[in-house]
Amino acid sequence: MQLLNGKDVAAFHRNQVEQQIAAWKKQEIQPELAILLVGEDKPSAMYAKSMQKVAHSVGLKAEIYDRSADISEEELLALIDTLNTQPAVFGILPMMPLPSHIDTQRILNRIDADKDVDGLTDSSAARLFTGKKGFVPCTPRAVMAIFDYYQIPLAGKHVVILGRSNVVGKPLAQLCLNRNATVTICHSQTPSLQTFTKQADIVIAAVGRAGLVTKDMIKPGAVVIDVGINRVNGKTVGDVDFDGVSQVAAAVTPVPGGVGAVTTMMVLENTVYGASLND
Ligand code: NAD
């Protein structure tokens, strides 16, 4: 079984990001990633901090705009308007979820199309859907970066995706389709996941349920990508029973150290290179 090591993939992309930032430094250009953190959501606060740390480690300025949970929609829109107009801000990354009194999509759609580094606006989604260049959500991009790094072909393969969220499952399906895979999306209402996963050359789990994907669900020789992040007894685990699945799969991503390790680097890459890399 081959371990698909996200840290190696991230290191490869880090190198390219650092080179661009170093070149800009010589021209006294200091781009900024604006991280929007609203309310008290703990995982969001942790992700914002770790995102900032990784950004700083490649020499990219990253500012956390920390606002209280009772901020009004109008105040939040005004903040985005300000960030949209600041030339030094190359990317705007809102932490999700936003508080329930906020119309999330209205806020996201206010982000300037050129700064939508996590591909969250309706216009970015439409571009992906219609096959035009644009920003792609960073987690699906991370999965594609793993396929590319390990030269795993998608054309003609049957990819089964577990999960249909707007940020992971659906964009992933489109990206795999763009690479000529045959794609099946399973979700919470799919009866007998195993019927589908057993046929898959590639299984991508993006649900958020520890131990969902077991050895008996995987065709021998399949590739298994684990996007899930769950906390179990103080440990971070994915959706895949790693030890069991490793016995039958040809290649598996670990959690931690798999997709998540690449995702943060994709945010930085999008910030630095804009949408030009995405398709
Ligand atoms: P979500 O809650 O928005 O979506 C979960 C999806 O799983 C839904 O589409 C639902 O229909 C489906 N689902 C629920 N129960 C199911 C079941 N029993 N069988 C099949 N499908 C089922 O979550 P999300 O934002 O898409 O995230 C999914 C997972 O990926 C979470 O664990 C999240 O923490 C993780 N995640 C990881 C990264 C990363 O960088 N590694 C980034 C984003 C999300």
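The chain is numbered in sequence order, starting from 1. In each ligand, atom 1 is the first atom listed, and ligand 1 is the first ligand listed.
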List ligand 1 atoms under 4.0 Å from Gly208, heavy atoms only on the residue side. 29 (C), 31 (C), 32 (O)
Return the residue, atom name and 0.1 Å-rounded distance of the protein heavy atom closest to atom 33 (C) of ligand 1. Ile229 N, 4.2 Å
Quick one: does Ser165 get an N or O within less than 3.5 Å of an N or O on ligand 1? yes
Does Thr121 have any side-chain contact (heavy atoms from CB on, under 4.5 Å) partners at least two apart in sequence or in another chain, and if so, which? Asn109, Ile111, Asp116, Ser123, Ser124
Below 4.0 angstrom from a heavy atom of Leu193, which ligand 1 atoms are there? Numbered from 1 as shown, please. 19 (N), 20 (C)
For Thr263, the ligand 1 atoms with a heavy-atom partner under 4.0 Å come out as 39 (C), 40 (O)
Indicate the atoms forming the closest heavy-atom contact of Gln52 with Glu63, along with that distance. NE2-CA, 4.4 Å
Given Phe90, which of Phe135, Tyr273, Trp24 fulfils the ring-ring contact (aromatic ring centres under 6.0 Å, His included) condition? Trp24
Are Glu74 and Arg106 close enough for a salt bridge, meaning some N to O gap below 4.0 Å? yes
Decide whether Ser72 and Glu75 meet the rule of one side-chain donor and one side-chain acceptor closer than 3.5 Å. yes
Note: heavy atom closest to atom 15 (N) of ligand 1, options Val207, Ile225, Leu172, belongs to Val207
In this structure, atom 21 (N) of ligand 1 is nearest to the protein heavy atom His187 C, 3.2 Å
side-chain contact (heavy atoms from CB on, under 4.5 Å) with Met51: which of Leu37, Ile64, Leu268? Leu268
Could you tell me the residue and atom name of the protein heavy atom closest to atom 9 (O) of ligand 1, and the distance to it rounded to 0.1 Å? Arg164 N, 2.8 Å
Assess whether salt bridge (charged side-chain N to carboxylate O under 4.0 Å, His left out) is satisfied between Arg141 and Glu269, documenting all intermediate values. CA-CA 10 Å; Arg141 267 204 77 208; Glu269 201 172 74; 2.7 Å; yes
For atom 22 (C) of ligand 1, what is the closest protein heavy atom, and at what distance to 0.1 Å? Ser188 N, 3.4 Å
Which heavy atom of the protein is the closest neighbour of atom 6 (C) of ligand 1, given with residue, atom name and distance? Gly163 CA, 3.7 Å
Nearest neighbour in protein (non-hydrogen) for atom 36 (N) of ligand 1: Val227 O, 3.7 Å
Heavy-atom nearest neighbour in the protein, as seen from atom 42 (C) of ligand 1, with distance rounded to 0.1 Å: Thr139 OG1, 3.0 Å
Between Arg14 and Ser57, does any side-chain donor sit less than 3.5 Å from a side-chain acceptor? yes
Side-chain donor/acceptor pairs under 3.5 Å, residues 232-241, sequence neighbours excluded:
{"from": "Thr236", "atom 1": "OG1", "to": "Arg231", "atom 2": "NH1", "distance (Å)": "2.6"}
{"from": "Asp239", "atom 1": "OD1", "to": "Gly208", "atom 2": "N", "distance (Å)": "3.1"}
{"from": "Asp239", "atom 1": "OD1", "to": "Arg209", "atom 2": "N", "distance (Å)": "2.8"}
{"from": "Asp239", "atom 1": "OD1", "to": "Asn230", "atom 2": "ND2", "distance (Å)": "3.0"}
{"from": "Asp239", "atom 1": "OD2", "to": "Val207", "atom 2": "N", "distance (Å)": "2.8"}
{"from": "Asp239", "atom 1": "OD2", "to": "Gly208", "atom 2": "N", "distance (Å)": "3.0"}

Hey, is Arg209 touching ligand 1 through its side chain, its backbone, both or neither, going by heavy atoms under 4.0 Å? side chain
Below 4.0 Å from ligand 1: does a non-hydrogen atom of Gly169 turn up there or not? no
Sub-4.0 Å atoms of ligand 1 with respect to non-hydrogen atoms of Val167: 25 (O)
Closest approach of Val227 and Ala206, non-hydrogen atoms and distance? CB-CB, 3.9 Å
Residue Val168 vicinity, atoms of ligand 1 by number, heavy atom under 4.0 Å: 26 (O)
